[in-house]
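Report on the structure given below.
Below, chain A is the first sequence line, B the second, and so on; all start at residue 1. What you see is a predicted model; the values in this text were computed from it and never measured. Just the heavy atoms: all of them, side chains too, but no hydrogens, waters or symmetry mates, feed the values below.
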Amino acid sequence: MSQTIKLSEKNKDFFEHVYQVTRLIPEGRVTSYGAIARYLGMGRAARMVGWAMNACMGRPDIPAHRVVNRLGMLTGKIHFETLTKMQEQLEAEGIVVENDKVVDFKKLNWDPTLELEL
DNA sequence: GTCTTGACGTTTA
DNA sequence: CTAAACGCCAAGA
């Protein structure tokens, strides 16, 4: 019955939350999937964040290039228009990327739970 | 309805 | 320190 609809709405809400948080990432900063997932209450479901990102592809309003894994590696670059697009966009914002990973990632790490102070 | 895959993260060997 | 397995939730085949 309404269960299916209810679930769909809930999922949509989760996706939108991911989009909003990603959109709130300041320029020159990066965050991790796990951080967003935890902020949304998903805890260890960091994969869902990546899944949501894949659905957000095609939207320039969502800086998916600012979202990297916990190691600061550009794991999602393969889903971009080009493999170098992600790195180029990061460098354009002042983020130094080397060997497909963000330099000083720890310093540039932007955690919504901390910055937004839940 | 079941199995596999997936832009991750943590834990154990 | 490195490598592999498990756990998480969702979607596609």
- Query: Between B:dG9, B:dG6, C:dC8, which nucleotide has the shortest distance from any of its atoms to the side chain of A:W51?
  - Reply: B:dG6

- Rounded to whole angstrom units, what separation is found between the CG atom of A:L90 and the C1' atom of B:dA7? 13 Å

- Task: Count the heavy atoms belonging to other residues, nucleotides or ligands that lie under 6.0 Å from CZ of A:R70, then report whether that count exceeds 12.
- Result: no

- Task: Specify the separation, in whole Å, of atom CG of A:L83 and atom C1' of B:dA7.
- Result: 12 Å

- Touch check for A:N54, heavy atoms < 4.0 angstrom, all strands: base, sugar-phosphate only, or nothing? base

- Task: Measure from the side-chain heavy atoms of A:R70 and tell me the nearest of B:dG9, B:dG6, B:dA7.
- Result: B:dG9

- Main-chain N/O of A:W110 paired to A:R29 side chain as donor or acceptor, under 3.5 Å: no

- Under 4.0 angstrom between A:R44 side-chain N/O and C:dC9 OP1 or OP2: no

- How many Å lie between CD1 on A:I25 and P on B:dA7, as a whole number? 18 Å

- Item | Atom-pair distance (OH on A:Y33; P on B:dT10), nearest Å | 14 Å

- Pairwise P distance for C:dA5 and B:dT4, with rounding to whole Å: 15 Å

- Item | Proximity to the side chain of A:A64 - top-ranked nucleotide from B:dA7, C:dC9, B:dG9 | B:dA7

- Rounded to the nearest angstrom, tell me the gap between atom CZ in A:F105 and atom P in B:dG9. 8 Å

- Query: Atom CD of A:Q87 to atom C1' of B:dA7: distance rounded to whole Å?
  - Reply: 16 Å

- CZ (A:R23) with more than 12 external heavy atoms under 6.0 Å: yes

- Backbone N/O of A:K101 and side chain of A:N99: donor-acceptor pair under 3.5 Å: no

- Whole angstrom value for the distance that separates C1' of C:dC8 from CG of A:N69: 17 Å

- Give the nucleotide from the list B:dG6, B:dA7, C:dC8 with an atom nearest to the side chain of A:I78. B:dA7

- Message: Under 4.0 Å, counting only non-hydrogen atoms across every strand here, what does A:A52 touch: a base, just sugar-phosphate, or nothing?
- Response: nothing

- Item | Spacing of A:K77 atom NZ relative to B:dA7 atom C1', expressed in whole Å | 12 Å

- Distance (rounded to the nearest 0.5 Å) between A:E16 CD and A:Y19 OH: 8.0 Å

